[in-house]
There are 2 protein chains.
Amino acid sequence: MSEHGATRATTAQDVADLAGVSISAVSRAFTPGASVSKQTRSRVMEAAEKLGYTPNLVARSLATQRSGIVGLVMGDIRNPYYPEVIDALSRRLASSGFRTMLTTVWGDVTVDDVGPSLVQSKVDGVIIASIAEADRLGDTLFKAGAAVVLFNRSTLASESLSSVRCENVEGGRSVANFLLDRGLTRLAYIAGVEHIYTTQEREAGFVGRITERGHQLHARETGDYTYQGGFDAAQRLASLDVPPDSVFCANDITAIGAIDGFRALGLRVPDDISVVGFDDIELASWPPYRLTTVRQDKTALIENTVGMLVQQIRSGERTRQIKLVPVAIVERNSVVSNRVAG
Amino acid sequence: MSEHGATRATTAQDVADLAGVSISAVSRAFTPGASVSKQTRSRVMEAAEKLGYTPNLVARSLATQRSGIVGLVMGDIRNPYYPEVIDALSRRLASSGFRTMLTTVWGDVTVDDVGPSLVQSKVDGVIIASIAEADRLGDTLFKAGAAVVLFNRSTLASESLSSVRCENVEGGRSVANFLLDRGLTRLAYIAGVEHIYTTQEREAGFVGRITERGHQLHARETGDYTYQGGFDAAQRLASLDVPPDSVFCANDITAIGAIDGFRALGLRVPDDISVVGFDDIELASWPPYRLTTVRQDKTALIENTVGMLVQQIRSGERTRQIKLVPVAIVERNSVVSNRVAG
DNA sequence: CAGAGTTTTGCAGGCGCATGCAATATGACG
DNA sequence: CGTCATATTGCATGCGCCTGCAAAACTCTG
């Protein structure tokens, strides 16, 4: 942290001396909106330039009681949906003047390890995505004074947390309509990790709509939100006495695993079985898959998440906000065009 | 950063008061190895527990001149190789007591934006992976006193930076041998982003070995380290008057794109053309690809990187260290078994 | 040019914790 | 019980910067 070797890092005092002003002037010169004359500021800047001075953010954090750091808590980021999210979030945060502290929670790292660490780090805000006990972690941090926004997560278990997520229920309903409209009748669902809200909501919408239209869910499996999970689930579905004619998967990576699972058994997608995913990750558009899926508007999700968080940080208000971003089906080639009309 | 609402966050002073000791005692109780009696420590801990006290790391950082934060600088992390790396690195850092500050550099965010930010943040160390001007950024941070380790990057342009990377040259040579041994004769290379060392080294080894064995590189294309880049490059190669019979790609995602590119033209892999990648990402093992590739020992890479960095931070020494991790070919089904022996 | 209003400036006192040093308490020994 | 070495403690100061307040320097009127 200190200068390598003997040379001490230059401080505001050094700059002040060189510029012939007080330390306060230096501080104000580097604080947007502070009260400094143009001449003083430029004199300070010149001296700072000469000395290679740059404000010490640790000291500033201590003095201002704001760290300028946002914690980003992710689950297993090996789901290809998340890299894009991490990248976009951290860039968007940077453009708002916040730095990103990343933590992943899964396996042997639990919410109870992460919470205290973030509190001690005095993060101004936290974005929590895709972890099991998001609510509990969120509540802890909220009580410690941080602004908290859940990303793509529901907040049923908490009364105070804000969240930004997409219309999961509506997405599930659309898929039901989409498949039913094509004459498919034996619809199955491959769930994600059971206790996570996104998969529950998607399933609820899907099954709800199927029921409304007088049908019922033909089969159900769990895919664990992973490629392998989807692969295995597909094989189980295919070996049913009466296999489904179409499968809606909790996310794209599961759907892609499912496609490969069906194909490994010699089934053709979509001719023998239709598959629909959720997310619209880049992989979904690759030639081997051409997956029909429900697109999440990532830009809108991220923009809303960061906007909401920054607003809460700046204002100090913590009123709960919920933002649902609409979804849309992207039609590719993993669903038969029309079984009825033929 | 401050407690939500009116209640101020509890400080060491509050704990000291309750425990009937001085503030120093509290500080020492929370500092491993400090001079405190057992009784004092337990009294302090009890009081801290009661008040929900936890040391303010910002203040501690200012006082100790060590932030306990390591900057992680990544390029475009949408290459599926990197999520695994980020995850593993941040977890490994956490287990060594360091928090991770993530920054991605590409597009409109440049090295010149990131450098100052990291310096100001007073990170203790920085891991730089896969960005264009890694050397320059590294030198800047090094001069500012941070420990720096380049991950999977060479350091030709810098004399002082440490690095951990795999045997790229040797990997390229192995692939040449592997293909030549199978009777393939028209070998091509699909490069990554041109100015990046990893692709240069892999190519150098590949071409060098081909030449040594009395052959020469049949064709060369640029794949940009992306799926689409590989896809397009494959199509260009396939349309040559005399197309190659095998292609070595700078990384797996390019190789996978190339496979799909060949297939889109009706070519079969490996029957019509063999493809080899580099990295061994999860995707490489999926049924549609079954990619033969060069495996990087990620665990070793990460272990060495963090180990080296932490050692430099703790000791304050900045002697340059270079660690090369061996690689090995993982044989799957994207290369013909033996064209000669038939 | 005096006086009121406005902008700039420096001073001083934090922010929460770490730590060298001197003072005190504890323990060992004869 | 006295003496000296050792283990604990608290005090005071510092880490580098921010900011309320009052003083100083300008600006503008009449």
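Each chain gets a letter, A, B and so on, in the order its sequence line appears, and its residues count up from 1.
- Using modelled atom types, one finds no donor on one side chain facing an acceptor on the other under 3.5 Å when comparing A:Arg28 with A:Ser35.
- As rounded to whole Å, 13 Å separates atom C1' of C:dC15 from atom CG of A:Asn56.
- D:dG16 atom P lies 18 Å from atom CZ of B:Arg60, rounded to whole Å.
- Put simply, A:Ser37 has a side-chain N or O that comes within less than 4.0 Å of OP1 or OP2 on C:dT9.
- At the phosphate of D:dG10, OP1 or OP2 sits under 4.0 Å from a side-chain N or O atom of B:Ser22.
- A:Arg320 has no carboxylate O lying under 4.0 Å from a charged side-chain N of A:Glu159, or vice versa, which leaves the two without a salt bridge.
- Of the residues near DNA chain D, A:Gln13 and B:Val36, the one whose nearest nucleotide (by heavy atom distance) lies more toward the 5' end is B:Val36.
- In this entry the distance linking CZ of A:Arg28 with C1' of C:dT7 reads 11 Å, nearest Å.
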What's the verdict on salt bridge (Lys or Arg N to Asp or Glu O under 4.0 Å) for B:Asp87 and B:Arg91, showing C-alpha distance, side-chain angles and the deciding distance?
CA-CA 6 Å; B:Asp87 182 60; B:Arg91 293 173 149 258; 3.5 Å; yes
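- Residue A:Phe30 contributes atom CZ, which lies 18 Å from atom C1' of C:dT9 at whole-angstrom precision.
- Closest approach to the A:Gln65 side chain among C:dG16, D:dC15, D:dC11 is made by C:dG16 (side chain taken as heavy atoms from C-beta onward).
- Comparing D:dC17, D:dT9, C:dG16 by their nearest atom to the side chain of A:Ala63 picks out D:dC17.
- D:dA25 atom P lies 14 Å from atom CD of A:Gln39, rounded to whole Å.
- For B:Lys38 and D:dT9, the NZ to C1' distance is 17 Å, given to the nearest whole Å.
- The base of D:dT19 lies close enough to the side chain of A:Ser24 for a donor and an acceptor atom to sit less than 3.5 Å apart.
- Between B:Ser160 and B:Asp139, the shortest heavy-atom contact is OG-OD1, 3.7 Å.
- Nucleic acid contact class of B:Val26 (heavy atoms, under 4.0 Å, all strands): none.
- Relative to the side chain of B:Tyr53, the nucleotides C:dC17, D:dC18, D:dT9 differ in distance, and C:dC17 lies closest.
- A:Ser163 and A:Arg165 share a side-chain donor-acceptor pair at under 3.5 Å.
- Atom CG of A:Leu62 is separated from atom P of C:dG13 by 18 Å (rounded to the nearest Å).
- Closest to the side chain of A:Ser27, out of D:dC18, C:dC21, D:dG16, is D:dC18.
- At whole-Å resolution of the value, CD1 in A:Ile23 and P in D:dC15 are 11 Å apart.
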